[in-house]
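Take a look at the structure set out below.
Values below: every heavy atom of this structure, side chains too, minus hydrogens, waters and symmetry copies.
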Amino acid sequence: MPHFNIDANYWPTTAALVGTTLSPYMLFYIQSAVADKGIQTNEYVFEQVDVYSSTIFSNVISAFMISATGATLFIAHQTIATASDAAYALRAFAGQYASLLFGLGLFGASLLAGAVLPLTTAYGICEAFGFERGVSRSFREAPVFQSLFTGLIVLGVIVALIPGLPFIQVLVILQDVNAAMMPILLVFVILLVNNRRLMGRHVNKLGLNILSWITTVTVTVLVVVWLLNALLGITF
């Protein structure tokens with residue numbers, strides 16, 4: 001059963017879990033993708049269905065991942081340092097095809113991240129500086145956007161090919177950084193979606209504001225606790 005722990009590894013792992021669930025890139029990507037697709041106001045309901053259904057689906061998948069890990073690797077006290085460790089460990093507990101299934105799932109997630117994260121960065125930079133952007137634009141029409149998008153994909157491939165790079169540790173650190181950024185971004189997002197001049201009749205409702213502030217405060221407290229533990233060694 002999930003429980004609080006004062007172990008030194010607990011808080012950075014928890015912060016990383018929040019950082020990868022409420023990733024800053026999502027806040028940029030969704031609005032940029034909506035604008036890029038040219039969705040009109042009367043079509044927002046379809047975008048809402050898209051976002052809500054994918055959110056539910058991804059959380060169901062995460063729940064199964066946690067349950068499967070707890071029922072196999074945790075019970076056997078298996079220490080996982082690399083993705084291949086997890087794949088081979090699962091084979092011993094869940095059958096010979098478990099490793100293949102794990103590998104296919106990881107490959108799919110990698111392709112998604114390898115495309116969406118560079119795309120989000122290209123969107124953000126081009127929007128900030130006023131460059132032409134859009135996945136349907138050619139290199140001639142949007143040279144900065146397409147160069148950033150392509151260059152970041154190549155950079156990701158180069159980093160992935162670094163021999164001996166401790167990927168899991170690197171991912172945990174990166175997701176911790178994501179978690180640290182989230183409180184600042186969430187505050188600005190809440191302020192923007194409550195600006196009636198910008199949002200008009202789509203301004204945030206009371207219920208969503210309450211949920212948003214609860215999320216922001218919770219993430220902020222978690223980040224503060226993690227930083228106190230990491231920098232000063234204070235345990236809770």
Side-chain angles (χ1 to χ4, degrees), residues 18-59 61-62 104-162 165 167 170-171 173-175 177-204 208 212:
V18 172
T20 192
T21 305
L22 299 174
S23 297
Y25 88 85
M26 297 178 185
L27 305 181
F28 294 95
Y29 173 73
I30 291 177
Q31 61 88 17
S32 298
V34 169
D36 195 6
K37 288 185 287 188
I39 294 176
Q40 302 299 316
T41 305
N42 60 345
E43 299 173 316
Y44 278 177
V45 61
F46 303 110
E47 187 66 23
Q48 287 178 316
V49 171
D50 182 21
V51 173
Y52 292 159
S53 61
S54 57
T55 300
I56 294 172
F57 183 69
S58 64
N59 278 281
I61 293 294
S62 298
L104 289 174
L106 189 60
F107 179 68
S110 300
L111 287 179
L112 174 64
V116 173
L117 293 177
L119 178 59
T120 303
T121 304
Y123 273 142
I125 293 176
C126 290
E127 288 173 3
F129 293 98
F131 296 121
E132 184 64 45
R133 63 195 183 279
V135 292
S136 61
R137 301 288 192 272
S138 65
F139 266 93
R140 183 183 298 275
E141 294 171 322
V144 176
F145 175 83
Q146 294 293 356
S147 297
L148 283 170
F149 187 22
T150 305
L152 288 169
I153 292 177
V154 173
L155 177 61
V157 172
I158 294 173
V159 171
L161 294 176
I162 295 177
L165 184 68
F167 288 106
V170 170
L171 288 174
I173 293 172
L174 291 176
Q175 300 310 331
V177 173
N178 277 342
M181 294 171 58
M182 280 308 298
I184 301 172
L185 293 174
L186 286 174
V187 168
F188 280 106
V189 169
I190 294 172
L191 293 177
L192 286 172
V193 296
N194 280 282
N195 187 323
R196 193 168 295 277
R197 182 177 64 83
L198 292 175
M199 300 298 296
R201 64 185 181 88
H202 297 287
V203 69
N204 231 27
L208 289 176
S212 299

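- Side-chain N or O atoms of S58 include one that pairs as donor or acceptor with a backbone N or O of T55 at under 3.5 Å.
- Residues F129 and V144 are not in side-chain contact: their nearest non-hydrogen atoms beyond the backbone lie 4.5 Å or more apart.
- E127 has its side chain within reach of Q31: a pair of non-hydrogen atoms, C-beta onward, lies under 4.5 Å apart.
- Using a distance-only test at 3.5 Å, with no hydrogens or angles considered, a donor-acceptor pair links the side chain of Q40 to the main chain of G38.
- Using a distance-only test at 3.5 Å, with no hydrogens or angles considered, no donor-acceptor pair links the side chain of D36 to the main chain of R133.
- The backbone N or O of R137 lies less than 3.5 Å from a partner atom in the side chain of Q146, making a donor-acceptor pair.
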Which is it for L148 and F131 under the side-chain contact (heavy atoms from CB on, under 4.5 Å) test, yes or no, and what are the steps along the way? CA-CA 11 Å; L148 283 170; F131 296 121; over 6 Å; no
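- The CG atom of L174 lies 10.0 Å from the CG atom of L117; values are rounded to the nearest 0.5 Å.
- Under the side-chain contact (heavy atoms from CB on, under 4.5 Å) test applied with V189, the options I184, N194, L27 reduce to a single match, L27.
- Contact check for L119 versus F28: no side-chain heavy atoms found under the 4.5 Å cut-off.
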Derivation and outcome, side-chain contact (heavy atoms from CB on, under 4.5 Å), residues I158 and V154: CA-CA 6 Å; I158 294 173; V154 173; 4.0 Å; yes
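- A centroid separation of 6.0 Å or more is found between the aromatic rings of Y123 and F149.
- From L185, atom CG reaches atom CG of N178 across 9.5 Å, with rounding to the nearest 0.5 Å.
- Of the inter-residue distances, the one linking L192 atom CG with F188 atom CZ reads 8.5 Å to the nearest 0.5 angstrom.
- The CG atom of L112 lies 12.0 Å from the CZ atom of F107; values are rounded to the nearest 0.5 Å.
- Within the model, atoms OG1 of T41 and CD of E47 stand 12.5 Å from one another, a figure rounded to the nearest 0.5 Å.
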Output, in order, the C-alpha distance, side-chain angles, deciding distance and verdict of side-chain contact (heavy atoms from CB on, under 4.5 Å) for V34 and Y44. CA-CA 9 Å; V34 169; Y44 278 177; 4.3 Å; yes
